[in-house]
4 protein chains.
Amino acid sequence: MTTDRKRRVGILGATGAVGQKFVELLADHPWFKITAVAASERSAGRAYGDAVNWIGSTPLPGGIAGMPVSASEPGLDCDFVFSGLDSSVAFEIEGNFARSGLPVISNAKNYRMQPDVPLLIPEVNPDHTRLIKSQTFSDRGYIVTNPNCSTVGLASALKPLYDSFGLTKVIVTTMQALSGAGYPGVASLDILANVVPHIGGEEDKVETEPQKLLGKLTDDGIRYADFAVSAHCNRVPVLDGHTECVSVQLAERASLDDVRQAFESFVSDIDDLGLPFAPRPFIRVLPGAADPQPRKHVSMHGGMPVWIGRLRPCNVLEFRFVVLVHNTVRGAAGGAILNAELLVEQGYL
Amino acid sequence: MTTDRKRRVGILGATGAVGQKFVELLADHPWFKITAVAASERSAGRAYGDAVNWIGSTPLPGGIAGMPVSASEPGLDCDFVFSGLDSSVAFEIEGNFARSGLPVISNAKNYRMQPDVPLLIPEVNPDHTRLIKSQTFSDRGYIVTNPNCSTVGLASALKPLYDSFGLTKVIVTTMQALSGAGYPGVASLDILANVVPHIGGEEDKVETEPQKLLGKLTDDGIRYADFAVSAHCNRVPVLDGHTECVSVQLAERASLDDVRQAFESFVSDIDDLGLPFAPRPFIRVLPGAADPQPRKHVSMHGGMPVWIGRLRPCNVLEFRFVVLVHNTVRGAAGGAILNAELLVEQGYL
Amino acid sequence: MTTDRKRRVGILGATGAVGQKFVELLADHPWFKITAVAASERSAGRAYGDAVNWIGSTPLPGGIAGMPVSASEPGLDCDFVFSGLDSSVAFEIEGNFARSGLPVISNAKNYRMQPDVPLLIPEVNPDHTRLIKSQTFSDRGYIVTNPNCSTVGLASALKPLYDSFGLTKVIVTTMQALSGAGYPGVASLDILANVVPHIGGEEDKVETEPQKLLGKLTDDGIRYADFAVSAHCNRVPVLDGHTECVSVQLAERASLDDVRQAFESFVSDIDDLGLPFAPRPFIRVLPGAADPQPRKHVSMHGGMPVWIGRLRPCNVLEFRFVVLVHNTVRGAAGGAILNAELLVEQGYL
Amino acid sequence: MTTDRKRRVGILGATGAVGQKFVELLADHPWFKITAVAASERSAGRAYGDAVNWIGSTPLPGGIAGMPVSASEPGLDCDFVFSGLDSSVAFEIEGNFARSGLPVISNAKNYRMQPDVPLLIPEVNPDHTRLIKSQTFSDRGYIVTNPNCSTVGLASALKPLYDSFGLTKVIVTTMQALSGAGYPGVASLDILANVVPHIGGEEDKVETEPQKLLGKLTDDGIRYADFAVSAHCNRVPVLDGHTECVSVQLAERASLDDVRQAFESFVSDIDDLGLPFAPRPFIRVLPGAADPQPRKHVSMHGGMPVWIGRLRPCNVLEFRFVVLVHNTVRGAAGGAILNAELLVEQGYL
């Protein structure tokens, strides 16, 4: 690709938790440069540094602090936008931007399951971006989405298995970090030294998005992968990193070594592209008896790999293992940035 | 029963975490009175209040603080003993006490799976105490055990289902409290704001004990129940209370209402006995969308019920739900005390 | 006193965190019976059990769950009200109730420093209730307040020292529990594994209320005690219990033993009254080298004592020690209930 | 300085918590290269990666994992050693190394208060290294120490004030992170959702080390600075970062602006030396009303600055403020590395 100039990027929902993560992760991006930050009416017109309640543990990048916050309306000075919008407003605003002719790389859930919108993990289904051509927002505007933060870990872990052996059944129990609920999110009185065994709307996403992600692109759109997922979603007092206990039934016979081999030797279609946010390797299998652990592994390698541990036979389905994913990096802003990098590489941006 | 006098009770491992819970829970027991506390050589001879590092959040009962700590050898001044011994020493010491003629009501794992030792939850398998008669320790000494703390919650929840519909498959993911690891147990640096997806030896217990608990007592001993359990065991930063996400496959057809009805209308064989530590009801189904929660429910009703919530269909097996159990009360000391109450009622004590 | 009938009690702000604590603590009160629960417009008309997001770890008392929530306006069916109102509305609503002829026993800050309103800790300044007579709300209506939750611990600990030796300087650093911020209060992302070294408005209260509490009632009102307090207030990830590190300079010469003696032998003017919520003793000095600790001690004896530990000389001022107080019991609802008990005893209720 | 070759470094106590931090921080150091790792008998002979229970959240540096662990005896292949030894063995082992002719840059407490041993914070008292010349361990061996982790934050914050206005009194209350207790350190059952208002031996160090650090080097050794420190030390459930609430009395009259100016304009004697681990600036004053906070700031700028916030008048002493320091970086391994860098610059290494 031509990197003679950096793409100019706008951030929708820039003062929210996901928006802040976009700002943090794009600080030194080699291809992208933030030129616009948009937020709600309340923040519009103020300097970003004043409007934001910066929750990161890295300093707010200097160049952004003084940038004026724009209203969330088309007309931003940028080549495309990342959206960290809340789902309560994302449908309309993202649609407006796409109709205005701008590509929208979104983390919101609203368009994920639309037939002509790619639900994208570059290492899993990079060809699904072809759906963009069937979108009708405008000549040049379109929407690409990344999955729910728990789905990202699960679907990424399932990818090598599905490719090698097929899949029929998946049971997953998640233990999800606080940052997945945004800010202010979960009240401390609700979660300190506690587990909340329910996250509104989450189980439905985890049970339906993987089949689209692992689906096959046909002339009639995505033909969903045919396996059942049952998800138990829990909130735990962890800051970053969703841990997932997974049991799977494969479609074809495979030994434990076969499965391990499938994880460890997995090479994705984008591994050779040199995308800046692409981890190498994508799937990392840990040997430790008690790994992966959110506090120990989640920030390694930029938070972009998907971690797997404790692979072993299951007494009920065939195999089981533990997955860990950084929910706000790989599972949100970082994943969206990698999506944009793929789109640049593929010529869509 | 005759309560004209209180049984005199000894506590083995009295200074450990489980031992302390025995001391705390027996403080005002109507049938039992602590007359001996035994611990390791290091503590023997000292006053209990000096030897113990009391970790409870209720005061150390006054009458016990001055009691001299005995060595863990037969000859204690009591009618029977509760054992909170560590499994590294329980096999020998508990055996010694049983051989010396004392009943041993144990929380340790060592004898649980012995064919002639009852693995007992009074509401689940009260008839299994008949195994005592086949024990050969001595004329009057015997051993009765309670299950692993996670098993207690799981097997109790499975009981109504197994009785009503039979069971074929169970997948459970536990999120277990710190107190389950004893004291000092888990290092704070390992678990604060973290999840550790492994607990040594735990999964094996949860996968094998329920079949004995729900097994049928025959003339040849326990015929194990025939279902498969797969357990994913995790440590989470919670103080008390194991939360368990369960998916089950029943042997017979049942509707969601049938299953709910089985839980809600469950009456155990001991419900009418008036045992002091028996909760009424034993199984408590919560209606809240995000219940049960350890911090919210675990100490209600003395920590003795088993809590169930979020009953719903499962996409892979048939039904799923969440179980909560107080691991150091119902899952350890409180469960053992209820075992002793049953044994009194049945004439074994 | 005559306990031939229970006083009928209304709760203002009944669905909030403090209001819930009133409901919980009054469940079995020998003198008081809840007959009305009032909350905001949004809740009025609904059953309390439906309107409240019950955050307690004890069950919502059955008798209250079905009670209809009233609007926060005079006319409630009760003899007096407890107020757990937020300070943003307490000034007006409490005033309205007092003007309507009802005694208001308030936990809000609004009237605390009014010259004719008692700021009351029964063990510290029971005579200050005489200020009620100078109030002009109405014939029978009046307002009595309890101090800020951190102040309660500090002023109670200072009381024996002030009485025995006088005081000139106090420096206190608080480590305050989450429940002090109400619900939802502090965001979990802000406080998990963190310290926030600031609590809005708190230092000012801790620095000014003790002088009124320890002040002398004269014909011209309270003559404030003459000592300086410097407070550093911090929020820490603790559920209940404010821990306070205190250094003091006494007005008169005293030895460490004198000070210890003053704490340990302190007898308050209400100790013989037999008030149901009055702890005996009020001040509890712990010998443990690392005590008091919130999780260990805060709920002992109903959460009503003030705990003191680590008494030792100070290198800068004269003595230092650690204070622990249950912020939502002794420091809020429980303290207010004890205030009401004193008022009954004194004939004001 | 000449950087034509990297100094060869040995780590004593390399498998402990501080030792691991040395390994982590030295991974890419421009001047130093680890050539030897020493630990207890139990680990000696094993590969470091096998012997260590790596607790970091960054990967164990590849080059070190295969390095054989040596016994803690002179004869290591290196130019000098960093010591992360436990104080129970540090006196003897560090002495042995110094006597053998190797410089020992130590984090242990044992030699800190010896008259001829520098207790060093490069930005505070870089000239104290001259004490090395009076040491008599051997021709070329000597010992240099860094202060207690809480002292580092306090003494660094006091430095600009002491230099500008003199000091007479300091009261400090610390809220200290778990990592300060090493590994396994504090039991999770002791500290989750709790505060422990005592840390063995800590207050004594915080009360005596600052006077040596701010002391004046004379021909007769260090003349201690003449001010009193009173410390209340607490453990809180924070992973990294000691937060300290400080009240000070200055020797000379100063306004709040003078004090702020002293902090903000502080330039240390080493600021121009370009030492790799020296933060620029050293003292960072934060404007936020609730800053500094451990989770928010402690890892910024490599964990090497000392953070100050909430500067305001004190009602009892003159001024008060909050200090934050990264206890295992600036307060331990990182501070020792900076000490070594200064010694290189000064020609001692």
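The basis for the numbers below is simple: all heavy atoms, side chains too, and nothing from hydrogens, waters or symmetry mates. Below, read A as the first sequence line, B as the second, and so on, with proteins coming before strands; counting in each chain starts at 1.
Counting heavy atoms of neighbouring residues, nucleotides and ligands inside a 6.0 Å radius, atom NZ of C:K109 does not exceed 12 of them.
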So C:S188 and A:L192, side-chain contact (heavy atoms from CB on, under 4.5 Å) or not? Walk me through it.
CA-CA 7 Å; C:S188 54; A:L192 184 69; over 6 Å; no

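Contact annotation for C:L239: both backbone and side-chain heavy atoms come within less than 4.5 Å of a heavy atom of chain A.
Rounding to the nearest 0.5 Å places CG of A:L189 at 11.0 Å from CD1 of C:I191.
Contact record, A:A187 with C:P184: CB-O, 3.5 Å, taken as the closest heavy-atom pair.
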